Amino acid sequence: MDDKTSVKAIISDAAAEDITRIEELAYELKIREVMTTQAHTIRLDTKMADVLELMRTQKISGAPVMDQDRVVGIVSTENLIQCLVDQDLESEVNKYMSSNILFARASDPVVEALKLFVNTKVGRLPVIEDNKLVGIITKGDITRGVLKALQRDYKTEELRRYRASHLFEDIESDRTSVILRYIIKPRDFVHGGTASSNIKKALQRLGGTPQITRKVSIAIYEAEMNLVIHTTNGGTIRVEIEPHIISIDAFDDGPGIEDVELALKPGWSTATDEIREMGFGAGMGLVNISRCVDSMKLESSPEIGTRLKMKINLDDGDQGINSDATKK
Amino acid sequence: MNVNELIQHANGKLLSNTTDLNREIKGACGADLMSDVLASIKPEAVLLTGLCNPQVIRTAQMADVVAIVFIRGKRPPVATIDLAEQEEIAIISSPLGMFELCGRLYKAGLPSLEGSMVDFSSGDCCDDAN
């Protein structure tokens, strides 16, 4: 792939996401929310010399022309230039204004104004509500409004993250913990791993370091796939997160492991060829888990089923969930 | 090496849409056993594999894999592609076989991110998330 195509691909991917949100906003935001309300208006009998003065001093490029309460035209720099060419500044505005006016409704979504801007040459639209002029909208107003809304989105997301990662600091109790429970279905190889994926995201959100998050995720994923592969009726994963420790329980109701000691030996597996073809059943799952966790206990009997308990300490090396809170 | 350069070296075709092609890849791991991947791979690697089921993506996600190359022109099922896009992991199909692909990437300077069985007992590779 050459440089050109790669650049193009990057822009289209990155832009695609933003555009979608901006498109959404064009429908969500109302014209009322982005328009300029304190718009300058010009009376029908104003002289073009005064229009020029208003535009120059107020740094505006156009304004609606009013006959009493009614908008009867729009005067823009384009009209003003024509007037200057004609050297006709003493004329009244109604001679130069465009009286073929398009309106935007305050209650309409921004996209309606955008359509008019795209399909016509106009640069500004008077905004009406109940037949009265309530503001002016330009492309600049829309850009500013959309940017503000995007910033708002961003802040909300930041706040959500901040709150999750400070959960343990914000809530006072003698022992605070978050418990997550997941039901694992047997032989579901399409959705197997979803619980681990959700737990990984939860840990990231709660402010777990990449190292801890990775260890816990790998251990839980191996445990989850064991439930998918080996159980009769599936099982349950329960994760309890506390500031200093994560405790994980993966349990099922059968068929149980005949020889627990043998099951813990690297390379030992009862998996079928079909399971092996999918990349599992190499007899390394429990070995992997034991490497990722600080303690592990495997209990099993044919009558009750299997229970795998794992613990990961978060205190050592100061890399726990929200380590600031644990230090206090 | 970034994802874009990886595609070039692998003569590959990008199969996922939610990919940052500038994302840096720190090394590679070639394996068809998912437990091997989970046991040995270090973070931010590319995984070279002949397996195409959705569990490859889940494995990659748990192990912080940046990209996956399916060897010998294999095309994964839609479920795999969907999951890769959802988890923002780049997936690439390469016509090359495992041996040749490993050779080419290694020659291009990409280091191995596979931990050996010797490190296995010490639990090194899990802690190695820099």
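Below, read A as the first sequence line, B as the second, and so on, with proteins coming before strands; counting in each chain starts at 1. Computed from a predicted structure; not experimentally measured.
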- Is it the backbone or the side chain of B/T59 that comes under 4.5 Å from a heavy atom of chain A, or both, or neither? both
- Part of B/E87 within contact of chain A (heavy atom distance under 4.5 Å): side chain
- Item | Which atoms of A/T194 approach chain B - backbone, side chain, both or neither, heavy atom under 4.5 Å | both
Could you tell me the separation between the [atom1] atom of [X] and the [atom2] atom of [Y], rounded to the nearest 0.5 Å?
X      : Y      : atom1 : atom2 : result
A/S197 : B/Q86  : OG    : CD    : 7.0 Å
B/L38  : A/I289 : CG    : CD1   : 10.0 Å
A/H191 : B/Q55  : NE2   : CD    : 10.5 Å
A/M225 : B/M62  : CE    : CE    : 10.0 Å
B/M34  : A/M284 : CE    : CE    : 14.0 Å
B/Q61  : A/S196 : CD    : OG    : 8.5 Å

How about [atom1] on [X], more than 12 heavy atoms from neighbouring residues, nucleotides or ligands closer than 6.0 Å, or not?
X      : atom1 : result
A/E28  : CD    : yes
A/K201 : NZ    : yes
A/E299 : CD    : yes

- Message: When you compare the side chain of A/R276 with that of B/L33, does any pair of heavy atoms fall below 4.5 Å?
- Response: no
- Message: As a quick check of understanding, evaluate side-chain contact (heavy atoms from CB on, under 4.5 Å) for A/E277 and B/N53, giving each step before the final call.
- Response: CA-CA 10 Å; A/E277 264 166 38; B/N53 63 58; over 6 Å; no
- Residue among B/S35, B/A79, B/C52, B/P54 with most heavy-atom pairs under 4.5 Å to chain A: B/S35
- Query: Applying a criterion of heavy atom separation less than 4.5 Å, what residues of residues 99-109 of chain B form contacts with chain A?
  - Reply: none
N/O donor to acceptor pairs below 3.5 angstrom from side-chain atoms of residues 68-77 of chain B, sequence neighbours left out:
unit_1: B/K74; atom_1: NZ; unit_2: B/G50; atom_2: O; d: 2.8

